[in-house]
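Some notes on the structure that comes next.
Convention: sequence-line order gives letters A, B, ...; per-chain numbering from 1. These values consider heavy atoms only, across backbone and side chains, with no hydrogens, waters or symmetry-generated copies. Given the structure is predicted, the values throughout are model-derived calculations rather than measurements.
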Protein chains: 2
Amino acid sequence: MEAIISNISVDCVIFGFDNNTLQVLLTKRELKDRETGELLIADYTLQGHHILVGENIDDAAKRVLKDKTGLENIYLEQFQTFGDINRLRRPKDQLWLKTMYPMVSDHVVSVCYYSLVDSTKVNPDLQHPYSSWFPVDQLPELGFDHEEMISMALEYLRNKLWREPVGFELLPDKFTLSQLQSLYEAILNTEIDRRNFWKKVSQMKFVIPLDEKHKAGSRKKAQAFIFSKDVYERTRKDKLTLSY
Amino acid sequence: MEAIISNISVDCVIFGFDNNTLQVLLTKRELKDRETGELLIADYTLQGHHILVGENIDDAAKRVLKDKTGLENIYLEQFQTFGDINRLRRPKDQLWLKTMYPMVSDHVVSVCYYSLVDSTKVNPDLQHPYSSWFPVDQLPELGFDHEEMISMALEYLRNKLWREPVGFELLPDKFTLSQLQSLYEAILNTEIDRRNFWKKVSQMKFVIPLDEKHKAGSRKKAQAFIFSKDVYERTRKDKLTLSY
DNA sequence: TCAAAAGTGTTGACATTACACCCATGT
DNA sequence: ACATGGGTGTAATGTCAACACTTTTGA
């Protein structure tokens, strides 16, 4: 077992997309009284871990992700560091820490990342028996300050989606326009006109139509598309306007 | 002297606006050989400090700001945490740390903030004899990874300026439209048509014309404006579009 | 009187929005 | 045959970019 740095951790908000809903991967946290068997704590937390001695924080986040999803080389972005001295001070969190990690410092600063994964590639049940997906708008009870982390991650994701084509990270390599549209609708929590969305997307040179057709649960077969990061990088123009 | 947490620090990129230029406040770092008097290190760094035991990281940033500028309640935003194990590994930085702070950990994670100040309210020479303002596009040699921090802070500031009216933090309470315009031009590094800018700004209900006239170095007196945060908060509508 | 900055409107191009019908296919 | 989602065009509106002349006033 490698040595941890006890006052710095990383937490990962792992987003996936399924059933036309934006989901978050959470891990169950349970604590029973040793004698009575009474459930003292039963809630969920994000995936996180302390950083190791000699480990970059970005690498710590990648490690957590690999451990919990089995995935590597996925979209990962640091969005905020939580360093309030009271962030672990709720009684149930104190109870959890005292019981499970008695040696860990009382003031842990957590560097938070969000990552976007193609949820068809993750099988949380196999990877980690206590993990499961929850829709972002129907979260269970959460430990620590993880609810705040998720809502802040979502805010960052929304802002990012608005400016950069990160949504594709959440879809399989090949996708249809309606999948893409419902992804945008789910993340931005809005409705989009299908024809206008089509028009917008067809201007994006980096969304490339394939010859293939997809029978994505629909009656009529829909055209499949892929996202080309390469084309995106080459054709991006950093427009600046004055608009707020 | 209060106890510090040796592996966590905050660094502040303090932006000001003067001479129609976006400026950064930097502190001189000098190290001379004790015997020969030879200058071993002569460069600049950001303002930073380790967090104290029992101190929130946001409060640590406020403390650094207060110490270096004398100002309180100013715009401050956490933008990124630097946690690479090699970030302090350049020979001159190692020499500096070994000489000045021999007890400090080798792996310091730094939580970075940028702040926006009305530079007319700061007198860095009085506040701190080794501090001075530098235009962001004419930086001196910098210690540690502070050059990267500044360029990342600038990126975050640009994105923010695009979406929210933070620029006013850099101006005196009363300002003219040409001051505001040259602020936008300096930060976004672009030229803006004066008439279009005027049109845009006059739609912003939170930029409020005063009866006063200002003789801001110009021949003709210009109208003075103030920014109302209150009006902004009440009239903001979070528009979402699909545009990148 | 003139140089330098302030103040102001119009037009064309482009982007966004709203909206309705036909098509292909699996049931 | 029909229900479901796929595919497409047009008109109205709003926003952005380009552009030139007059006014004020300090030197």
Side-chain angles (χ1 to χ4, degrees), chain A residues 19-21 161-163 165 171-172 174-186 188-226 235-244, chain B residues 19-21 161-163 165 171 174-186 188-205 207-226 235-244:
Chain A
N19 294 118
N20 293 341
T21 309
L161 186 69
W162 213 9
R163 317 245 112 253
L171 292 175
K174 297 175 188 174
F175 53 86
T176 66
L177 282 190
S178 41
Q179 284 179 292
L180 187 63
Q181 181 176 344
S182 70
L183 174 79
Y184 271 76
E185 291 179 332
L188 299 176
N189 194 28
T190 184
E191 287 197 356
I192 303 172
D193 180 274
R194 192 157 39 91
R195 292 154 293 186
N196 294 334
F197 187 74
W198 166 280
K199 212 182 307 169
K200 189 79 201 173
V201 174
S202 53
Q203 289 163 230
M204 300 174 189
K205 300 199 188 70
F206 48 86
V207 177
I208 298 163
L210 299 179
D211 287 339
E212 284 175 73
K213 299 274 174 173
H214 236 235
K215 41 167 198 299
S218 67
R219 306 296 162 109
K220 188 169 171 179
K221 284 169 202 142
Q223 182 156 31
F225 292 80
I226 55 169
T235 58
R236 71 139 80 236
K237 37 187 179 288
D238 294 292
K239 81 168 174 187
L240 286 181
T241 66
L242 295 176
S243 26
Y244 284 122
Chain B
N19 294 119
N20 293 343
T21 309
L161 187 69
W162 213 8
R163 320 243 110 254
L171 292 175
K174 296 176 190 176
F175 52 86
T176 65
L177 281 189
S178 41
Q179 284 178 292
L180 187 62
Q181 180 176 346
S182 70
L183 174 79
Y184 272 76
E185 291 179 331
L188 300 174
N189 194 27
T190 184
E191 288 198 354
I192 302 172
D193 181 275
R194 193 156 39 91
R195 290 155 291 186
N196 293 335
F197 187 75
W198 166 281
K199 213 180 307 168
K200 189 81 200 172
V201 173
S202 51
Q203 290 164 229
M204 300 176 191
K205 299 200 187 73
V207 178
I208 297 163
L210 299 179
D211 287 338
E212 284 174 70
K213 299 274 173 173
H214 236 234
K215 41 168 201 297
S218 66
R219 307 294 164 108
K220 189 171 172 179
K221 284 171 200 139
Q223 182 156 31
F225 292 80
I226 54 168
T235 58
R236 71 143 74 241
K237 37 185 179 289
D238 294 292
K239 80 167 177 189
L240 286 181
T241 66
L242 295 176
S243 25
Y244 285 122

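Residues passing the salt bridge (charged side-chain N to carboxylate O under 4.0 Å, His left out) test with A:K174, sequence neighbours excluded: A:E212. Contacts of B:K199 classified as side chain to side chain donor-acceptor pair (under 3.5 Å), with partners at least two apart in sequence or in another chain: B:N196. Partners of A:R195 under the salt bridge (charged side-chain N to carboxylate O under 4.0 Å, His left out) rule, at least two apart in sequence or in another chain, are A:D193. In terms of the side-chain contact (heavy atoms from CB on, under 4.5 Å) criterion, residue partners of A:S182 (sequence neighbours excluded) are, by chain and number, A:F17, A:N20, A:E185. Contacts of A:T235 classified as side-chain contact (heavy atoms from CB on, under 4.5 Å), with partners at least two apart in sequence or in another chain: A:F206, A:V231.
Open room surrounds CD on A:E191; 12 or fewer heavy atoms of other groups in view lie less than 6.0 Å from it.
The distance between atom CD of B:Q181 and atom C1' of D:dA17, rounded to the nearest whole Å, is 14 Å. Atom NZ in B:K200 sits roughly 15 Å away from atom P in D:dA18 (whole-Å rounding). Nucleotide D:dA18 holds its P atom 16 Å from the CZ atom of B:F197, rounded to whole Å. For the pair B:L188 CG and D:dC16 P, the interatomic distance rounds to 14 Å; values are reported in whole Å.
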Check the interface with nucleotides 7-12 of chain D: list each N/O to N/O pair with the protein under 3.5 Å, or write none.
from   : atom 1 : to     : atom 2 : distance (Å)
D:dG7  : OP1    : A:Q223 : N      : 3.0
D:dG7  : N7     : A:R194 : NH1    : 2.5
D:dG7  : O6     : A:R194 : NH2    : 3.2
D:dT10 : O4     : A:K199 : NZ     : 2.9

